[in-house]
2 protein chains.
Amino acid sequence: MKEGPDIAQIGALIGDPARANMLAALTGGRALTATELAGVGGITVQTASTHLAKLEAGGLLTQRKQGRHRYFTLADEAVARLIESMMGFAAGRGHLRHQPGPKEPALRKARICYDHLAGDYGVRMLDSLIASGSIDAVGDGLALTEKGEGDLKRIGINVGDLRSSRRPLCRSCLDWSERRAHLAGSLGKALLSSFLDKGWARRTAESRSILFSPEGDRQFLRLFPVDP
Amino acid sequence: MKEGPDIAQIGALIGDPARANMLAALTGGRALTATELAGVGGITVQTASTHLAKLEAGGLLTQRKQGRHRYFTLADEAVARLIESMMGFAAGRGHLRHQPGPKEPALRKARICYDHLAGDYGVRMLDSLIASGSIDAVGDGLALTEKGEGDLKRIGINVGDLRSSRRPLCRSCLDWSERRAHLAGSLGKALLSSFLDKGWARRTAESRSILFSPEGDRQFLRLFPVDP
DNA sequence: GCGATGCTTCGGTTACGATCGAACTATGAA
DNA sequence: TTCATAGTTCGATCGTAACCGAAGCATCGC
């Protein structure tokens, strides 16, 4: 009874709908202000403020004040992974909130998952990288091959730079909409960044969905084909 | 706001201390009755009953009635993984409940994690299997090698039988006490079963800890050496 | 300096859920 | 049948936490 980590505390932190919505929104990777978060939580700023304080005390959030704003972000990638894994679990049990609204399809097609690409396109990209021999999949682990390193260089991603960070290069992340893995880790981040830099896609204002331009769409599908 | 799976529901389910304790106890893998669970939760049976009903409605638990008892177990392995991952997360944030009681050290040395070995011994076993070339570790994924298949056969584990199940053979599972990976999956289960069958170790009544006999301890350490 | 904006703190209300005693159902034993 | 054990359902109590209005700080633009 008194053994092990206290799972109830963080469960309770995530267990409030307003807080859960805020956390989910922050899984989008960008920092949000208290007022914005109050919006996504459907509550007033006062209430949001107390919620945010609790989340911060619990170690799930960090804040950075900038002028008269306070920007909140998830404390680190581990929090993002926890949230995503809970989403995957909830989706599997049919605990859905979505009356399939207008934004839903876009979200399933391509969205941001902390800092990398998720949704149909995310899964497709990983499948394609594996099929082309750029990434080795062993069990549920992923590893970049030499061929992959060369291929990535050709589209402007220098893997050497990424290796210097302590963060793992490749990591598989379970996609809640597709129920299959997509690519996370510093490489996943670098790939998404490059798409955004190239103008192939852009992030939307308040949602987690990623919008591909017609041109970007073509380029993406050409670069990551799926075998027939 | 209305997009994605409802993470708050399961958060709330886990967020109650009594329920969290029950779930943690069930991570021990064996089925427990409502009264036993009331015990670990520190509540009366009436209260436990309502909690258990909620957990079942939420899809986290299943019950099987046998005579006048009702045996509760985690609904499936996904639930166990979710709980364990939350434990790992909570441990990392220092959300500990343990005033390091008497049972704590035993729990850190060897315990059961749903159906496989965790704790110091679990981590050691995986390390040793990797060092000896029985298991390939790529990224955070694990794969059994041909050599490993042979070695396992020699200690009485027929991998062929395990492959027939849909469940993955090797899976890495983050250990909350060691903060490193141990071996899960059907192979992890088979290994622990064999230790128990051989009488090297036994499960304890109400706790998740695994007790090795002096002889079993010797055999285990001989079989899974760590290089100096 | 002044007002406007972003956010927190305080106080009081409200609602929900955890809790348990008591009564009720079901299975097993004698 | 009767008694005992395991469990659920009901009803009532109680505590806590979510919530918002109002007031209080802090920072910016002017």
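Note that the coordinates shown come from a computational prediction; the quantities given were computed from them, not determined experimentally. Here is how names work: the chains are called A, B, and so on, in the same order as the sequence lines, proteins then strands, and each is numbered from 1.
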Between [X] and [Y] (salt bridge meaning N to carboxylate O under 4.0 Å), is one present in this structure?
{"X": "B:Arg111", "Y": "B:Asp175", "result": "yes"}
{"X": "B:Asp120", "Y": "B:Arg180", "result": "no"}
{"X": "B:Arg81", "Y": "B:Asp76", "result": "no"}

Among D:dT8, D:dC20, D:dA18, the one nearest A:Ile43 by side-chain distance: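 Minimum distance to the A:Ile43 side chain belongs to D:dC20.
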
Of the listed nucleotides C:dT8, C:dT19, D:dC19, the one nearest the side chain of A:Asp16: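 Output: D:dC19.
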
Parallel, tilted or perpendicular: ring planes of A:Phe195 versus A:Phe212, cut at 30 and 60 degrees: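 Correct class here is tilted.
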
A:Arg202 atom CZ: more than 12 heavy-atom contacts under 6.0 Å: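 Not more than 12 within 6.0 Å, no.
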
Within residues 48-55 of chain A: residues closer than 4.0 Å to DNA chain D (heavy atoms):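 Residues of residues 48-55 of chain A that come under 4.0 Å of DNA chain D are, in numerical order, A:His51, A:Lys54.
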
Spacing of A:Leu61 atom CG relative to C:dT8 atom P, expressed in whole Å: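 Whole-Å distance recorded here is 11 Å.
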
Distance flag, aromatic centroids of B:Phe224 and B:Tyr121, threshold under 6.0 Å: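 Centroid separation for B:Tyr121 and B:Phe224: 6.0 Å or greater.
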
Listed once per pair and sorted, the salt bridge (charged side-chain N to carboxylate O under 4.0 Å, His left out) pairs that draw on residues 46-74 of chain B, sequence neighbours left out: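 Qualifying pairs, neighbours excluded: none.
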
Name the pairs: protein N/O against N/O of nucleotides 25-30 of chain C, kept only if under 3.5 Å.
none

